[in-house]
Amino acid sequence: MQHSAKLLRFLHSSIFTTSERAAEQNCLSLLQLCNSLPKLTQFHAHLVKVGLHANPLVLTKFTHVSSHLNAVHYASSVIFSPEPTSQCYDTFLFNTLIKAYAETNNSKHTAIHYYTFMLSCGIRPNKYTYPFVLKACAGIMDLRLGQAVHGSVVRLGFCYDTHVLNTLVLMYCSCENGIDFGEKLFDEMPKCEPVSWSVMIGGFVRWGMSSEAVSLFRRMQIAGVKPDEFTMVMVLSACTDMGALELGRWVESYVEKEKIEKTSELCNALIDMYAKCADIDKALRLFRNMSKSKRTTVSWTSMIVGMAMHGRGLEAVSLFEEMRRAGVAPDDVAFIGLLNACSHSGLVKEGKRYFNSMTNDFGITPRIEHYGCMVDLLSRAGQVKEAMEFVHRMPIEPNPVIWRTLITACRVHSELNLGETITKELITDEPMHDSNYVLLSNIYAKMLNWEMKSTVREVMEKKGISKVPGSTMIELDDGIYEFIAGDKSHGQDEKIYEMVDEMEKEMKRAGYITTTSDVLLDIDEEDKEGALNRHSEKLAIAFALLKTPRGTTIRIVKNLRVCTNCHTATKFISNIYNREILVRDRNRFHHFKDGFCSCKDFW
DNA sequence: ATAGGGTTAG
């Protein structure tokens, strides 16, 4: 009798368990049907009704689904409702929650918050937890926090796990001055698969250390680790940064040869590389050959930005229209590219229309960059007064970039007194920013006020402000060369400087007159003309004329904007030496041919 | 049942 009661109890409990499990399964499949927030809310009601609102597994899945509906907050409000039922908390649930916040913009701090909350609840993190937490640290670029988390990783013994290690390197490489720690960690870890290499190569690219990125890629090949599509994206990114077209072409053929999967991201990286390494038509061909389903907003934006950089504004605009017809939603970045295209091509009316359409038709709130594009658009078109009014009407505080755009416009369109006033205000706000002084000096040069111009230089010297040195990169068959102004580190300096002198003679014979108003401030006045001849792009062009076959195109990449003087000189050189010269400056391409530039002297 | 790296602008 006692025996059968026991059996009965057992049966009862197993029936209960079975039915609870059935309810749980039922909930999980119901959750899969929740493809909208209202449905999820309905589901939540159901959850309470069947008493599974504290079931860890169901709540985890609930979190997952909410995050896909961009509503993680809803999940956390359910989990941590006014009466928290802490028995439902487990590691898996917290991991999912931290992951969701770590992968959402502007929510990295919340991810960290739930990590610390998890610890305070006495829930032990596992090796799955740390990649998410470290990703959040990387996202907010918080080195000290990342280091603290690293400490916990070591204490809990997760520092031998490959995934955790890779995310640690990622975290260090994402934080300012942290790349050294990242590199040290990378050097010490086992490196048998491409992920660690990709992270480290990406770290170098992120901080503009592109040649280090390429050397590391070479080390990876020597180590016999097969690169994958992620690695190739990173290497392409380095090529793009350096303007290394030949290296980029090699990457493309390598991808073909090794049958590396051409994901959207890899195609986009290739398109961007070709566009920014001066072969915009090849970029367009790649884009056209990309299957329509693979073309993302980034693909379209890369093409629009590329066309804008090459001064092909009308084509950028028609690509934008085609993108709309293709049903791909433009984002805020696409509009920056589009407005830039309008600006560089003098399409004022179109630019204004698109700026309004951005908010009205696409619901995108303009950011400071978009306002900057509009100020640039009006300024370049000579509408300085309108640009000023636009700045005063802007609903957000103008930043120094906006003021500098206006100041340049004042100088170009001879509103010198206004320009002087704004620049002085800007210097009060930003006393250590070198280009503010250069702007002021340029305005005085145009006013022919040499006394004030030299005062500006004295002030700069007294405050210990020096100008960012101009540098130019050039890729030849045997590698990439970098020149800085007055450079004498290339072993062939004598020949290069002889060539510069010869160029100068030929240009003068052709009627070239040196103008010195844009001369850098850190150069002695009496040496103005000589200094201009030593600008890095002149050195690079002289080097290219010496080292490359007659008639071939010369491609160079500058870190700053090209100065008026070098611009004029390069036009002359393209004519005298019968060379096409493609110059990528900080903002755009200049295509010099037969004494003319594609920018039509408007940049 | 939750693991690691990516492209556009600034």
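Quantities reported herein were computed from a predicted structural model and do not represent experimental measurements. A, B, ... follow the sequence lines: proteins, then strands. Residue 1 opens every chain.
For the residue pair Arg404(A) and Asn436(A), a side-chain donor N or O sits within less than 3.5 Å of a side-chain acceptor on the partner. For the residue pair Thr91(A)/Asn126(A), the side-chain donor-acceptor check at 3.5 Å is not satisfied. For the residue pair His68(A)/Ser66(A), the side-chain donor-acceptor check at 3.5 Å is not satisfied.
Leu236(A) has its CG atom 10 Å from the P atom of dT8(B), to the nearest Å. Separating the CD1 atom of Ile364(A) from the C1' atom of dA9(B) is a distance of 13 Å, rounded to the nearest angstrom. Atom-to-atom, CE of Met309(A) to C1' of dT8(B) comes out at 12 Å; the value is rounded to the nearest Å. Atoms CZ (Phe230(A)) and P (dG6(B)) sit 8 Å apart, rounded to a whole Å. Here the C1' atom of nucleotide dT7(B) and the CD1 atom of Ile304(A) are 15 Å apart, to the nearest Å. Put simply, NE2 on His64(A) is 13 Å from C1' on dA3(B), counting in whole angstrom units. Atom P of nucleotide dT7(B) and atom CD of Glu261(A) are separated by 17 Å, given to the nearest angstrom. Atom CH2 of Trp300(A) and atom C1' of dT7(B) are 16 Å apart (whole Å).
Contacts between residues 95-115 of chain A and DNA chain B, defined by a heavy-atom separation below 4.0 Å, involve Asn95(A), Lys99(A), listed by number. Within residues 263-282 of chain A, the residues approaching DNA chain B are Thr263(A), Glu265(A), Leu266(A), Asn268(A), Asp272(A), Lys276(A), by heavy-atom distance under 4.0 Å.
Ring pair Phe94(A)/Phe80(A) is tilted by interplanar angle, where 30° to 60° counts as tilted. Taking the six-membered ring for Trp and thresholds of 30 and 60 degrees, Phe362(A) and Phe320(A) have ring planes more than 60 degrees apart, a perpendicular arrangement. Below 30°, between 30° and 60°, or above 60°: for Phe117(A) and His113(A) the angle between ring planes is below 30°, a parallel geometry.
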What side-chain donor-acceptor pairs closer than 3.5 Å can you find for residues 158-169 of chain A, not counting sequence neighbours?
from      : atom 1 : to        : atom 2 : distance (Å)
Asp161(A) : OD2    : His163(A) : N      : 3.0
Asp161(A) : OD2    : Val164(A) : N      : 3.0
Asn166(A) : OD1    : Ser196(A) : OG     : 3.2
Asn166(A) : ND2    : Thr162(A) : O      : 3.3
Thr167(A) : OG1    : His163(A) : O      : 2.5

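Residue side chain His163(A) meets the stacking definition with respect to dA3(B): its ring centre sits within less than 5.5 angstrom of the base's six-membered ring centre, and the planes differ by less than 30 degrees. In this structure, Tyr128(A) does not pack face-to-face on the six-membered ring of dA3(B), missing the 5.5 Å centre cutoff or the 30° plane limit.
For the pair Lys135(A) and dG5(B), the criterion of a side-chain N or O lying under 4.0 Å from OP1 or OP2 is met.
With hydrogens and angles ignored, a donor-acceptor pair closer than 3.5 Å exists between the side chain of Asp228(A) and the base of dG5(B). One cannot find a donor-acceptor pair under 3.5 Å joining the base of dG4(B) and the side-chain atoms of Thr167(A).
No engagement by Asp332(A) is indicated, since no non-hydrogen atom pair under 4.0 Å with the nucleic acid exists.
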